[in-house]
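Every chain is numbered from 1 and lettered A, B, ... according to where its sequence line falls, protein lines coming before strand lines. Below, each value reflects all heavy atoms present in this structure, side chains not excepted, and no hydrogens, waters or symmetry copies.
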2 protein chains.
Amino acid sequence: MATPEACRHLLTSMEGITGVHRSLAKALPAGCLPPGSGVLFVLGRSEQPLRAGRVAELMDIDMSVVSRRIAHLVDQGWVARSPNPHDGRSCLLGLTDQGRAVVDNATEQCLDVVAGGLRDWPDEDIERLADLLERLRVSLGHRTLPAPEPVPH
Amino acid sequence: MATPEACRHLLTSMEGITGVHRSLAKALPAGCLPPGSGVLFVLGRSEQPLRAGRVAELMDIDMSVVSRRIAHLVDQGWVARSPNPHDGRSCLLGLTDQGRAVVDNATEQCLDVVAGGLRDWPDEDIERLADLLERLRVSLGHRTLPAPEPVPH
DNA sequence: TATTGTTATACTCTATAACTATA
DNA sequence: TATAGTTATAGAGTATAACAATA
């Protein structure tokens, strides 16, 4: 049912999608989104500790990237590694209290900016946009929902 | 009217927004989006030739970035500089026929991927998402619409 | 003196490939 | 042999600062 016209319209509006993201980041106080925040957010949203490979899968980036970031985040004291009882090759990763504080602060700052920019929006438009973005992500094949850590054999 | 709950929901769905963009790029044939495509797209959408500073403004990135990209795109033969009759400090930038071909091809390839992923979406949802994204971009302060080149004094 | 654009430098995000350790 | 993770290297996007030319 997707006509080429509608897709073309969407494509144009998606063209600047990274710009929107950057605008948001620029509107934030300096240091609010430290390097590697993405990993921090993913770990912060997860119910359980995650393996590095699982983080890479959820973010749809290469594990080598996650590995280097994790090392840095551990150095910062924001992420803690604990041994994986089921597999000696991997560790389980979780936020420290400090890491949680960084995530919570960044989230609040982002919320301030978004809520400020969207203060005239009707609530239902915001909800609709969020829902549509989520569906777009799924339709374009990007993983999102953290499934429970599977127990290996 | 924007409640914190709705904004939080939107923020979560925006977190992976660059991932969606990357998914799209990854789904494309190699070489389809050459470095600097963004500048190419902006020039391709403009009715008239643009100054470098104007491109930077429209993309909300630093002019130094545009400058280096333009140099590369001119080397590739995709962008042509012409003298600006109103101001000797700047040039006017436009696509060459080759550049136009690159833009058109990339657009079609992107359309194929998007239309494929969204083939089950009702048309009105696609339009609604495109509209909401456009409004989001405006509300968060990101410039989009190419205004006519102002004539300096 | 202010503005336009260029260049040098550096930082962030990402991927590929080669490697180590464990399964 | 296959998988999880690490490390080295490289490419792409971006910003800041110093600079040259023109207004």
Side-chain angles (χ1 to χ4, degrees), chain A residues 15-19 21-26 30-42 49-57 59-75 79 81-93 142 149-153, chain B residues 15-19 21-26 28 30-42 50-57 59-76 79 81-93 149-153:
Chain A
E15 199 179 301
I17 209 166
T18 54
H21 197 242
R22 201 155 22 83
S23 293
L24 176 58
K26 277 206 255 187
C32 184
L33 288 178
S37 311
V39 171
L40 239 36
F41 278 105
V42 168
L50 299 173
R51 288 181 303 104
R54 190 92 187 82
V55 174
E57 194 183 330
M59 298 183 71
D60 194 26
I61 59 179
D62 197 87
M63 188 162 55
S64 65
V65 178
V66 173
S67 177
R68 214 168 342 92
R69 286 203 193 156
I70 291 292
H72 186 243
L73 294 170
V74 168
D75 285 348
V79 168
R81 292 185 176 105
S82 56
N84 184 344
H86 299 298
D87 190 336
R89 292 171 303 182
S90 60
C91 293
L92 292 177
L93 305 165
H142 190 63
E149 193 72 18
V151 177
H153 37 76
Chain B
E15 198 180 302
I17 210 165
T18 53
H21 197 240
R22 200 153 26 81
S23 293
L24 176 58
K26 278 205 258 188
L28 258 43
C32 184
L33 289 178
S37 311
V39 171
L40 239 37
F41 279 104
V42 168
L50 299 173
R51 287 182 304 104
R54 190 91 187 84
V55 174
E57 193 183 332
M59 297 183 71
D60 192 29
I61 60 179
D62 197 86
M63 189 162 55
S64 65
V65 177
V66 173
S67 178
R68 214 166 343 91
R69 287 202 192 157
I70 291 291
H72 185 242
L73 293 171
V74 169
D75 286 348
Q76 301 276 318
V79 169
R81 292 185 177 103
S82 57
N84 184 345
H86 300 298
D87 189 335
R89 294 170 302 180
S90 59
C91 292
L92 294 178
L93 305 165
E149 194 73 17
V151 177
H153 36 79

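Taking atom CZ of R22(B) as the reference point, atom C1' of dA12(D) lies 13 Å away to the nearest angstrom. Remark: C1' of dT14(C) and NE2 of H21(B) are 14 Å apart, rounded to the nearest angstrom. Atom CG of D75(B) and atom P of dT7(C) are 11 Å apart (whole Å). A straight line from CZ of R54(A) to P of dG5(D) spans 12 Å, rounded to a whole angstrom. Taking atom CD of E57(A) as the reference point, atom C1' of dT3(D) lies 13 Å away to the nearest angstrom. Per the geometry, CZ belonging to R51(B) stands 15 Å off C1' belonging to dT6(C), to the nearest Å. Here dT22(D) presents its P atom at 11 Å from CG of D87(B), a figure rounded to the nearest Å. Rounded to a whole Å, the CG atom of L92(A) is 13 Å from the P atom of dA4(D).
A heavy-atom distance below 4.5 Å is not found between the side chains of H72(B) and V39(B). Within the 4.5 Å cutoff, the side chain of L50(B) has heavy atoms near those of the V42(B) side chain. Residues R51(B) and L92(B) form a side-chain contact, since some pair of their non-hydrogen atoms from C-beta on lies under 4.5 Å apart.
When the nearest nucleotides of DNA chain C are assigned to R89(A) and C91(B) by heavy-atom distance, the more 5′-ward of the two goes with C91(B). Heavy-atom distances to DNA chain C give each of S90(B) and P34(A) a nearest nucleotide, and the one nearer the 5′ end belongs to S90(B). Positionally, the nearest nucleotide of DNA chain D for R81(A) lies more toward the 5' end than for the other of R81(A) and T18(A).
Of all heavy-atom pairs spanning N84(A) and S90(A), the tightest one is ND2-OG, 3.1 Å.
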> Yes or no on side chain to side chain contact (heavy atoms under 4.5 Å, CB included) for I70(A) and R81(A), after CA distance, side-chain angles and deciding distance?
Replying inline: CA-CA 9 Å; I70(A) 291 292; R81(A) 292 185 176 105; 3.9 Å; yes
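Across all strands, G38(B) comes closer than 4.0 Å to no nucleic acid atom at all (heavy-atom distances).
For the atom pair CD1 (I17(A)) and NE2 (H21(B)), the distance works out to 7.0 Å, reported to the nearest 0.5 Å.
Here the nucleotide nearest the side chain of A52(A), chosen from dG5(C), dG5(D), dA21(C), is dG5(D).
Residues from residues 61-72 of chain A lying near DNA chain D, meaning a heavy-atom separation below 4.0 Å, are M63(A), S64(A), S67(A) in numerical order.
Taking only side-chain nitrogens and oxygens, K26(B) comes nearer than 4.0 Å to OP1 or OP2 of dA15(C).
Of the possible donor and acceptor atoms, one in the side chain of R22(B) sits under 3.5 Å from a partner among the backbone N and O of D60(A).
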